[in-house]
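Both counts, for ligands and for their atoms, begin at 1 and track the order of listing.
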Amino acid sequence: MSWSLTVALGARAYPIHIGSGLLSDPDLYRPHLLGSQVMVVTNETVAPLYLEAVRSALEGYQVGEVVLPDGEQYKTMEVWNRIFDALLQARFGRDCTLVALGGGVVGDMAGFAAACYQRGVGFIQVPTTLLAQVDSSVGGKTGINHPAGKNMIGAFHQPRAVIADTSTLATLPQRELSAGLAEVLKYGLIRDATFLSWLETHMAELLARDADALAYIIRRSCEIKAEIVAEDELEAGQRALLNLGHTFGHAIETATGYGTWLHGEAVGVGICMAADLSARMGWLTDVDVERVRRLVASAGLPVAAPNDLSADRFLELMAVDKKVQDGRLRLVLLQQPGDALVTGDVDPNLLRATLDAAAS
Ligand SMILES: NC(=O)c1ccc[n+]([C@@H]2O[C@H](COP(=O)([O-])OP(=O)(O)OC[C@H]3O[C@@H](n4cnc5c(N)ncnc54)[C@H](O)[C@@H]3O)[C@@H](O)[C@H]2O)c1
């Protein structure tokens, strides 16, 4: 069983294919390859598992590969440059296509390389983590980290297609599965209260990797993301809602050194903090906040920030967030479960109370 959705972006519209066994289907790649040169960008963990299947789908093309070291700590300018070394060494031209095979780190780096190589070439996302299948492979945000801030260098560059093979999730470590669930909870919280309730009652099946349950949440998450991206491709407004929990989460990731906390784990705590602040703002009830915390915990995610991360350090790191406008911090908060808003109007005392409470 497989499904195809479309990200409706006019001339840049593209399909998202979701299903089992898609990795080696040539028909999903071919319509999106301009010339005959294809560079597969992957990492040292994913390559031995899935590179061969992708290569088999690309028979007849001139296929190169770049195998990057594995980890968020390698999402750097230096490692990113290896993609250009490979492209130039193989004399790839402007009609080449990059295929990003891996999780969000590989997808973000390969996508950003595609945005920049010879001023822009095509790329296809082949996400192999839950997080990448429900979130990072869709929407065209690409980039790398800077020691001072996460994803601070990047570009909007939409893929030509997303091929999400759900059978790749069988080899994903449990901790990574939980990390992906953080982004799934986010969709329910910002847009779809019915989906949120469904997640509450089906968490055990998801953690046990029930194939139908996983396929359903990937589909529903991609539908919501595709809808939001189509409305606001460059994040002039509504798209910022997708950052629920991320301003707090990015601060945790930067403070602890990239790669210690998983992105999804930091987002899970960030979601709890956003709920806490939403209650202090008078929007959520204490019962709602407890519900959010329970849901995040039930996905196998942490709910408290590292206890050595002070409110002052949090504020310093949050000031580097991309949602800061004119030096003013903007946060995504919840009006109720299933409905979020972006606000620059947060009482600093309430924010400090949330930051102080976060590590306890
Ligand atoms: N561009 C966006 O819109 C967007 C959205 C959300 C997150 N992100 C970014 O995504 C990144 C996080 O992505 P992630 O959670 O996928 O992390 P990741 O790419 O580091 O992958 C997680 C781990 O799983 C391994 N792996 C991947 N597929 C596997 C498989 N099928 N079987 C076994 N192991 C596998 C990877 O090698 C890695 O060790 C962060 O850098 C974050 O900033 C981007």
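For ligand 1, the atoms sitting less than 4.0 Å from at least one non-hydrogen atom of K150 are 40 (C), 41 (O), 42 (C), 43 (O), numbered in the order shown with element in parentheses. Under a 4.0 Å criterion applied to the non-hydrogen atoms of L49, ligand 1 contributes the atoms 32 (N), 33 (C). Per-residue contacts place D135 under 4.0 angstrom from the following atoms of ligand 1 (heavy atoms of the residue considered): 5 (C), 6 (C). Shown in contact with N43 at under 4.0 Å from a heavy atom are these atoms of ligand 1, numbered in order with element: 36 (C), 37 (O). Of all atoms in ligand 1, numbered sequentially from 1 with element shown, those under 4.0 Å from a heavy atom of K75 are 9 (C), 40 (C), 41 (O), 42 (C), 43 (O). Near T45, with a cut-off below 4.0 Å to any heavy atom, the atoms of ligand 1 are 37 (O). Within ligand 1, the atoms closer than 4.0 Å to a non-hydrogen atom of N151 are 43 (O), numbered from 1 in the order shown. Annotation for ligand 1: atoms under 4.0 Å from non-hydrogen atoms of D70 are 36 (C), 37 (O), 38 (C), 39 (O).
Atom OG of S221 sits about 9.5 Å away from atom CD of E183, to the nearest 0.5 Å. If you take CG on L185 and CG on L295, they are separated by 4.5 Å, rounding to the nearest 0.5 Å.
When non-hydrogen atoms are compared, ligand 1 lies under 4.0 Å from the side chain of L131 (C-beta onward) but not from its backbone.
Any N or O atom pair closer than 3.5 Å counts here, and T129 shares at least one such pair with ligand 1. The shortest N/O to N/O separation between L169 and ligand 1 does not fall below 3.5 Å. Backbone and side-chain nitrogen or oxygen atoms of T142 are examined, and none is located within less than 3.5 angstrom of a nitrogen or oxygen of ligand 1.
Scanning all protein heavy atoms for the shortest distance to atom 20 (O) of ligand 1 gives V105 CG2, 3.4 Å. Of the protein's non-hydrogen atoms, the one nearest atom 14 (P) of ligand 1 is G104 N, 3.5 Å. Closest to atom 40 (C) of ligand 1 among all protein heavy atoms lies E72 OE1, 3.1 Å. Nearest protein neighbour of atom 35 (C) of ligand 1, counting heavy atoms only, is L172 CD1, 3.7 Å. In this structure, the protein non-hydrogen atom closest to atom 4 (C) of ligand 1 is S136 CB, 3.2 Å.
Side-chain N or O atoms of T343 include one that pairs as donor or acceptor with a backbone N or O of D345 at under 3.5 Å. The backbone N or O of V138 lies less than 3.5 Å from no partner atom in the side chain of Y14, so there is not a single donor-acceptor pair.
In summary, the aromatic rings of W80 and Y74 are positioned with their centroids too far apart to meet the 6.0 Å limit. Taking the six-membered ring where the residue is Trp, the centroids of H157 and F123 are separated by under 6.0 Å.
Looking only at atom types and distance, the side chain of E253 has a donor-acceptor partner in the side chain of H263 under 3.5 Å away. Donor-acceptor pairing under 3.5 Å is recorded for the side chains of T171 and Y50. Under the 3.5 Å distance criterion, with hydrogens and angles disregarded, a donor-acceptor pair is assigned to the side chains of D276 and T354.
At least one heavy atom of K225 sits closer than 4.0 Å to an atom of ligand 1. Within the 4.0 Å heavy-atom shell around ligand 1 one does not find E44.
In this pair, H246 and H250 present their aromatic rings perpendicular. The plane angle is above 60°, beyond the 30 to 60° band. Note: Y117 and F84 have parallel aromatic rings, judged against thresholds of 30 and 60 degrees for the angle between ring planes.
Of the residues listed (K225, R239, K141, R12), the one engaging E233 in a salt bridge (Lys or Arg N to Asp or Glu O under 4.0 Å) is R12, and it is the only one.
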